[in-house]
Amino acid sequence: MKTIYLADDDEDDRMLIREAIERVIHDVRILEVSDGESLLAMINSQKGSADSELILMDMNMPRLNGLEALSVLKADTDTQHIPVLMMSTTSSQELVRKAYEEGINAYIVKPVSSAEFTHLAQSIDVCFLHSNLHIQDTPDKPNLKDTSIMVIEDNKDHLLLIRAAIRQSMPDVQVITMSEEAKVLDFFRTELPRMPQKPHLVLLDLYFPSREAGIDLLQRVREILIMHKLLSIPLIVFSYSDDPRDIHASYQNNANGYMVKGVDIADWESDFKSLHNFWWNTVSLPK
């Protein structure tokens, strides 16, 4: 059973989030607290458990606020692999930027409608919990003609499938592909900072071609994005592996998300719809 830690001092918000997650995701345990200190105490009591999958916490909690709790979590080697989604009623760019600099995986302005809570739960499942739900009703963004996705993948067959899935789910999105490490690093170091219209999302295959090489590339790409202050570009690991060790290693090396490749193209199309909805329609990114 997968565990989600939900920390928010607003009991109504906790109820809405819990009901949406339980409606969408099966076999999940939600542990609720109302402040930052209680969150850390609860997570410490669960250390060593392999089922800690996600932390959802409000920015403005009593006793310890979200940023203070985040600092403690990211400094502890036992908890730094757990992805953190920060929630708030404000979209202040200063707070959004600070949260990403401190290491959150995504910043979400709290939903207001039942449909928004449901789509949030669906996206959380695809991007973080990997239950392989086939989602049909993900909303589309009206205009994606000026958006692009970079795909870093060295398997030609997988690359064709990814292109086809993106074309079906997001037909207006431009796909930029790279399959060699040296070219990837050269692009991020020299070309990307000069581009007037940068990729809106990066998908990185973990086994590129080996796990060790993929983790090393993830580290180096993240360092370059930080150096050029480009934390507005989500970096998502996309892999067939659902091994918790691979997932934890990706988050420890600052991947924004981890998606497990589906078994057929229909699964990929559904997953890319949720990927698009989450990172373009739901998440707030630093400008």
Side-chain angles (χ1 to χ4, degrees), residues 20 24 54-56 83-88 91 93 95-97 99-101 103-111 115-131 133 135 137-153 162-163 165-177 188 192 195 197-206 218 221-222 225-226 230-239 247 250-251 254-262 267-287:
V24 169
L54 184 68
I55 298 170
L56 279 166
V84 178
L85 274 61
M86 188 81 76
M87 302 178 296
S88 179
S91 57
Q93 269 299 303
L95 285 177
V96 173
R97 177 187 56 77
Y100 279 100
E101 288 176 349
I104 63 161
N105 294 79
Y107 185 103
I108 301 166
V109 176
K110 287 184 179 179
E116 288 175 344
F117 277 103
T118 298
H119 287 305
L120 172 60
Q122 291 172 339
S123 300
I124 285 173
D125 183 64
V126 170
C127 296
F128 298 99
L129 299 184
H130 322 117
S131 294
L133 296 175
I135 299 166
D137 60 345
T138 310
D140 290 327
K141 191 175 182 179
N143 181 9
L144 296 172
K145 290 184 179 179
D146 295 325
T147 59
S148 62
I149 292 177
M150 166 163 279
V151 180
I152 303 172
E153 170 68 74
I162 292 171
R163 277 186 172 276
I166 294 175
R167 186 166 57 248
Q168 288 296 320
S169 58
M170 297 175 279
D172 293 329
V173 170
Q174 179 187 359
V175 181
I176 305 167
T177 61
F188 278 90
L192 181 65
M195 291 177 68
Q197 186 68 46
K198 296 172 175 57
H200 292 74
L201 186 131
V202 175
L203 284 177
L204 169 64
D205 182 38
L206 180 61
L218 170 62
V221 169
R222 174 57 72 189
L225 291 176
I226 292 172
L230 293 174
L231 293 176
S232 60
I233 304 176
L235 183 54
I236 313 298
V237 172
F238 191 48
S239 173
I247 297 171
S250 297
Y251 285 127
N254 299 311
N256 288 94
Y258 188 105
M259 288 182 62
V260 178
K261 295 176 180 177
D267 292 333
W268 289 28
E269 291 173 16
S270 174
D271 288 351
F272 279 122
K273 286 181 180 178
S274 287
L275 181 81
H276 153 224
N277 181 51
F278 186 68
W279 292 104
W280 272 313
N281 295 354
T282 305
V283 169
S284 294
L285 294 164
K287 295 180 181 179

Can you name the nearest heavy-atom pair linking [X] to [Y], along with the distance?
{"X": "Trp279", "Y": "Cys127", "answer": "NE1-SG, 3.8 Å"}
{"X": "Ser148", "Y": "Val173", "answer": "CA-CG1, 3.9 Å"}
{"X": "Lys287", "Y": "Gln93", "answer": "N-OE1, 2.8 Å"}
{"X": "Val96", "Y": "Pro286", "answer": "CG1-N, 3.6 Å"}
{"X": "Leu218", "Y": "Ser250", "answer": "CD2-O, 3.6 Å"}
{"X": "Pro234", "Y": "Asn256", "answer": "CA-OD1, 3.5 Å"}

Could you grab the distance from atom [atom1] of [X] to atom [atom2] of [Y], nearest 0.5 Å is fine?
{"X": "Glu153", "Y": "Ile162", "atom1": "CD", "atom2": "CD1", "answer": "4.5 Å"}
{"X": "Leu56", "Y": "Met87", "atom1": "CG", "atom2": "CE", "answer": "5.0 Å"}
{"X": "Asp205", "Y": "Ser239", "atom1": "CG", "atom2": "OG", "answer": "6.0 Å"}
{"X": "Met150", "Y": "Leu235", "atom1": "CE", "atom2": "CG", "answer": "11.0 Å"}
{"X": "His276", "Y": "Thr282", "atom1": "NE2", "atom2": "OG1", "answer": "9.0 Å"}
{"X": "Ile166", "Y": "Thr177", "atom1": "CD1", "atom2": "OG1", "answer": "10.0 Å"}

One pair to check against side chain to side chain contact (heavy atoms under 4.5 Å, CB included): Leu231 and Arg222. What are the steps and the verdict?
CA-CA 9 Å; Leu231 293 176; Arg222 174 57 72 189; 3.5 Å; yes

Taking the side chain from Asn105 and the backbone from Leu85, do they hold a donor-acceptor pair closer than 3.5 Å?
no

So does Tyr107 get a backbone contact from the side chain of Tyr100, meaning a donor-acceptor N/O pair under 3.5 Å?
yes

Do [X] and [Y] touch side chain to side chain, with heavy atoms closer than 4.5 Å?
{"X": "Leu285", "Y": "His200", "result": "no"}
{"X": "Leu203", "Y": "Leu275", "result": "yes"}
{"X": "Phe188", "Y": "Ile152", "result": "yes"}

Could you tell me how the ring of Phe128 sits relative to the ring of Phe278: parallel (under 30°), tilted (30 to 60°) or perpendicular (over 60°)?
perpendicular

For Phe272 and Phe238, take the angle between the two ring planes, folded into 0 to 90°, and tell me which bin it lands in: parallel under 30, tilted 30 to 60, perpendicular over 60.
tilted

Apply side chain to side chain contact (heavy atoms under 4.5 Å, CB included) to the pair Thr118 and Val24, showing each step before the final yes or no.
CA-CA 7 Å; Thr118 298; Val24 169; 4.0 Å; yes

Side chains of Gln122 and His119: do they bring a donor and an acceptor to under 3.5 Å?
yes

